[in-house]
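Written below as structure tokens is the structure these notes are about.
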Amino acid sequence: MAAPAPGDPGAAASAVLDELARNFTYGARGAGNGSLSGAWYRRNQIHLFGVLLAILGNLVISISLNIQKYSHLRSAQQEHPRPYFRSVLWWSGIVLMALGETGNFAAYGFAPITLIAPLGCMSVTGSAIISVMFLRGNLRASDLLGMTLALAGTYLLVNFAPNIIQAVSARTVQYYFVGWQFMIYMILEILVFCILLYFHKRKGMKHIVILLTLVALLASVTVISVKAVSGMITFSVTDKMQLTYPIFYIMCIIMIASCVFQVKLLNQATKLYNTAMVVPVNHIFFTISAIIAGIIFYQEFLGAAFLTIFIYLFGCFLSFLGVVLVTRNREKEHLPQSYIDFGNVPGKQILDKIQPDSSGLSYGTLPDGSDSIKSPSKEKKGV
């Protein structure tokens, strides 16, 4: 069979299939380009370092959230609970969360946004595992399936994310910042944000999709600025100082402002809706907005083959499905509630009815001592 001509579309498809075959070749002789081979590792070691930072950061965040949860549960069981901010255990969770977020921040300086952002699924799956091991949570079949799908999606993401080595310098950020692609993207994003904010504030629409879409629109700006700041710091450490450029401080201001408003809107969503509903929807919306931001601002999929993009998106879908399965139908933790046993209160007699009859004057209130004594006597007189 004759080899396809260089300009033939079959040649491009054949080259993509050869690349995919090499990605799944681990022990074959020859050049060795599989995802466990030395050549593949040397080519992707910078990205793998960023992936390692992101995974560790998300796992540390999972541990911190469960520590804070355990602190609240333990405080609720005490007879005289102290404020949570006076608990050493709670503060240790806050410190761990800061470390985890620092790891995520640093990861953007070594790997593309389209590779780091979807790895947030590791925080959700890790939190489920820790909850089962240490907080006596229930391990369901859907949890195991969701964790498996999330791990499979993560594997595909790491293998088929854009393989670009991009030094993020101040001049690079300035060039992308004034590019026509980003300008059109920002105009459309501001327009959509203002429309949704109008319906949320003026019309009183508080649907979860509206709130988390506002969060996702701000998140796209956040990840762009986070990668710019983290990338310029990394470039300053490894090559030339970039912290003297004004664009660095502009990106810092954008990063802080977008984070503040993002957290404010996310808190509104968690107050109105169950956490089991907010977590998966927010993860999906955030990841999609971050991927779009990385593609438009940093042009991370420039020149990528269609089949590679398809498998990458399939990996995102698997991670989304895994997060939904892990968080689906999660029941709220029921804290032990205090109650009054009237039999143990001095001066009170045990009543067969806590709630009086509807015909009584004290209907709708707990009976006091006079009611509990007078009512029977009145009934006897009536007889």
Side-chain angles (χ1 to χ4, degrees), residues 35-36 40-67 92-130 147 150-169 172-173 219-220 222-239 242-243 248 251-252 255-256 258-259 262 282-283 286-287 289-291 293-294 297-298 300 312 315-316 319 322-323:
S35 58
L36 294 182
W40 184 90
Y41 172 76
R42 286 191 296 271
R43 191 180 64 201
N44 296 276
Q45 57 183 346
I46 296 178
H47 289 177
L48 288 177
F49 183 66
V51 169
L52 181 63
L53 284 175
I55 291 176
L56 290 177
N58 284 307
L59 292 179
V60 170
I61 290 173
S62 302
I63 296 172
S64 71
L65 290 174
N66 281 276
I67 287 177
S92 63
I94 292 296
V95 172
L96 287 177
M97 178 173 285
L99 290 175
E101 292 295 351
T102 302
N104 276 335
F105 174 80
Y108 283 101
F110 296 95
I113 292 175
T114 48
L115 178 57
I116 299 301
L119 296 179
C121 65
M122 302 304 297
S123 176
V124 178
T125 55
S127 181
I129 295 173
I130 295 169
M147 293 173 191
L151 290 175
T154 301
Y155 175 80
L156 293 178
L157 289 169
V158 173
N159 274 276
F160 294 98
N163 184 21
I164 57 171
I165 306 298
Q166 189 179 48
V168 181
S169 63
T172 303
V173 175
S220 65
T222 302
V223 294
I224 289 174
S225 56
V226 165
K227 181 169 178 61
V229 174
S230 180
M232 283 188 277
I233 292 175
T234 304
F235 196 89
S236 300
V237 174
T238 58
D239 197 328
Q242 302 293 308
L243 308 186
F248 174 80
M251 285 298 182
C252 285
M255 177 182 67
I256 295 172
S258 60
C259 282
Q262 186 181 336
N282 181 59
H283 171 71
F286 166 80
T287 304
S289 67
I291 291 172
F297 190 86
Y298 293 101
E300 292 182 351
Y312 169 83
C316 290
S319 66
V323 170

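Closest heavy-atom contact between His283 and Gly120: CE1-C, 3.7 Å. Listed here is the closest heavy atom pair of Cys121 and Thr154: SG-OG1, 3.6 Å. Closest heavy-atom contact between Ala54 and Asn104: O-OD1, 3.4 Å. The two atoms that bring Gly93 and Ser64 nearest to each other are O-CB, 3.0 Å, heavy atoms only. In this structure, Val223 and Ala293 approach most closely via the heavy-atom pair CG2-CB, 4.1 Å. Here the shortest heavy-atom pairing between Gly50 and Ala107 reads O-CB, 3.2 Å.
Residues Leu115 and Val51 have side chains in contact (heavy-atom distance under 4.5 Å, counting atoms from C-beta outward). In this structure, Phe248 and Ile233 have side chains that are in contact, with non-hydrogen atoms separated by less than 4.5 Å. At a threshold of 4.5 Å between non-hydrogen side-chain atoms, the residues Leu48 and Leu52 do not count as touching. Residues Glu101 and Val60 form no side-chain contact, since every pair of their non-hydrogen atoms from C-beta on lies 4.5 Å or further apart. Here the side chains of Thr114 and Tyr298 are not in contact, with every heavy-atom distance at 4.5 Å or above. Val229 is listed as a side-chain neighbour of Phe105, based on a closest heavy-atom distance under 4.5 Å.
The backbone N or O of Ser123 sits nowhere less than 3.5 Å from a side-chain atom of Ser127 that would complete a donor-acceptor pair. In terms of modelled atom types and a separation under 3.5 Å, the side chain of Thr238 and the main chain of Thr234 share a donor-acceptor contact. Of the possible donor and acceptor atoms, none in the side chain of Thr287 sits under 3.5 Å from a partner among the backbone N and O of Pro118. The closest donor-acceptor contact from the side chain of Asp239 to the backbone of Phe235 lies at 3.5 Å or more, if one exists at all.
The distance from atom OH of Tyr312 to atom CG of Leu157, rounded to the nearest 0.5 Å, is 5.5 Å. Taken from CD1 in Ile130 to OG in Ser62, the straight-line distance is 5.0 Å, to the nearest 0.5 Å. To the nearest 0.5 Å, atom CD1 of residue Ile63 and atom CG of residue Leu99 are 11.0 Å apart. Between the CE atom in Met255 and the OG atom in Ser225 there is a gap of 6.0 Å [rounded to 0.5 Å]. The CD1 atom of Ile129 lies 8.5 Å from the CG atom of Leu59; values are rounded to the nearest 0.5 Å. Atoms CD1 and CE, from Ile224 and Met251 in turn, are 7.5 Å apart once rounded to the nearest 0.5 Å.
Under the 3.5 Å distance criterion, with hydrogens and angles disregarded, a donor-acceptor pair is assigned to the side chains of Thr222 and Ser258.
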